[in-house]
Amino acid sequence: MTVRYVDHEPGMWFLVEQEGSLYLHARYSYSALIDDSALIRLNDTELAAYLAGDHDVLSDLATRVHNSAPYRAESKFFSRDLYRSADGPQYREAVSAAIADHTWIAEQRRKR
């Protein structure tokens with residue numbers, strides 16, 4: 001599985017691409033108990049807005065993911081989260097590799 005970095009909003013989300021599809025890697029948390037990320041394939045509306053230059057559509061989507069408690073089955077993002085699929089571990093590994101040079105920690109290391 002090959003995934004490549006496309007874009008990001010520091011501390012909030014990364015956008016990656018695989019075989020022509022775009023995916024949002026969005027962080028979410030709930031108090032000190034849950035700190036994780038969801039991987040959401042952009043739907044046609046989200047994709048069209050982003051491709052038209054609306055960078056904020058991804059920040060809005062990431063906020064909605066976070067606020068929806070995507071770890072709960074009732075969240076509309078629960079079923080869209082590819083990290084919950086059978087291929088979740090492979091997605092997580094591929095996305096982690098794709099974004100590794102763009103994380104906050106990587107940026108801090110470059111500043112030294």
Side-chain angles (χ1 to χ4, degrees):
M1 176 178 300
T2 302
V3 174
R4 73 174 184 86
Y5 165 86
V6 176
D7 196 358
H8 80 284
E9 182 65 36
M12 191 171 197
W13 56 262
F14 287 92
L15 186 67
V16 296
E17 179 269 336
Q18 182 204 22
E19 298 180 4
S21 293
L22 293 179
Y23 299 85
L24 182 74
H25 168 91
R27 291 183 53 84
Y28 63 86
S29 62
Y30 178 73
S31 71
L33 301 175
I34 298 172
D35 184 12
D36 203 356
S37 298
L39 185 65
I40 308 294
R41 181 177 184 206
L42 298 188
N43 65 28
D44 291 342
T45 303
E46 296 155 352
L47 178 61
Y50 177 76
L51 294 177
D54 187 357
H55 187 264
D56 292 338
V57 72
L58 298 183
S59 294
D60 293 342
L61 178 57
T63 298
R64 286 187 286 131
V65 168
H66 171 77
N67 290 338
S68 77
Y71 48 88
R72 297 177 54 129
E74 299 82 33
S75 168
K76 70 179 183 177
F77 294 105
F78 183 86
S79 63
R80 288 182 69 186
D81 183 2
L82 294 173
Y83 289 148
R84 297 190 176 284
S85 71
D87 294 329
Q90 293 93 328
Y91 276 114
R92 198 172 290 273
E93 182 178 332
V95 170
S96 293
I99 67 175
D101 290 336
H102 304 279
T103 64
W104 181 85
I105 291 173
E107 290 177 15
Q108 297 309 306
R109 287 182 185 141
R110 284 192 291 275
K111 289 180 183 180
R112 291 185 198 168

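All heavy atoms count here, side chains included; hydrogens, waters and symmetry mates do not. Because the structure is predicted, anything quoted here is derived from the model rather than measured.
Trp13 and Phe78 fall into different hydrophobic clusters, where Ile, Leu, Val, Met, Phe, Trp and Tyr residues are linked whenever their side-chain heavy atoms come under 4.5 Å apart, directly or through other members.
Rounding to the nearest 0.5 Å gives a distance of 6.5 Å between CG of Leu24 and CG of Leu42. In this structure, Leu82 CG and Ser21 OG are separated by 10.0 Å, a value rounded to the nearest 0.5 Å. A distance of 6.0 Å separates CG in Asp81 from OH in Tyr28, rounded to the nearest 0.5 Å. Atom-to-atom distance recorded for Ser75:OG and Arg64:CZ is 10.5 Å, nearest 0.5 angstrom. Interatomic distance, CZ of Arg4 versus CD1 of Ile99, reported as 14.5 Å (0.5 Å rounding). Rounding to the nearest 0.5 Å places OH of Tyr23 at 4.5 Å from OH of Tyr91.
When every heavy atom of Ser37 is checked against every heavy atom of Arg92, the shortest pair comes out as O-NH2, 3.9 Å. Shown here for Thr2 and Gln18, the closest heavy-atom pair between the two residues is O-CG, 3.3 Å. Closest of all the heavy-atom pairs between Glu9 and Ser59 is CG-OG, 4.1 Å. The shortest non-hydrogen separation linking Ile40 to Phe77 is CD1-O, 4.0 Å.
Residue pairs satisfying the salt bridge (Lys or Arg N to Asp or Glu O under 4.0 Å) criterion with at least one member in residues 37-62, sequence neighbours excluded, are listed as follows: Glu46-Arg80.
Ring pair His8/Phe14: centre-to-centre distance below 6.0 Å.
Applying the 6.0 Å contact sphere to CD of Glu19 captures no more than 12 heavy atoms from other residues, nucleotides or ligands. The 12-atom threshold is not exceeded at CD of Glu93, counting heavy atoms of other residues, nucleotides or ligands nearer than 6.0 Å.
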key: side-chain contact (heavy atoms from CB on, under 4.5 Å) between Val65 and Arg27, intermediate numbers included   = CA-CA 8 Å; Val65 168; Arg27 291 183 53 84; over 6 Å; no
task = Test salt bridge (charged side-chain N to carboxylate O under 4.0 Å, His left out) on Asp36 and Arg84 and set out the steps.
result = CA-CA 12 Å; Asp36 203 356; Arg84 297 190 176 284; 5.7 Å; no
request  = For side-chain hydrogen bond (donor to acceptor under 3.5 Å, both in side chains), just list the numbers for Asp7 and Tyr50, CA-CA rounded to whole Å, side-chain angles, deciding distance to a tenth of an Å, and then say yes or no.
outcome  = CA-CA 11 Å; Asp7 196 358; Tyr50 177 76; 2.9 Å; yes
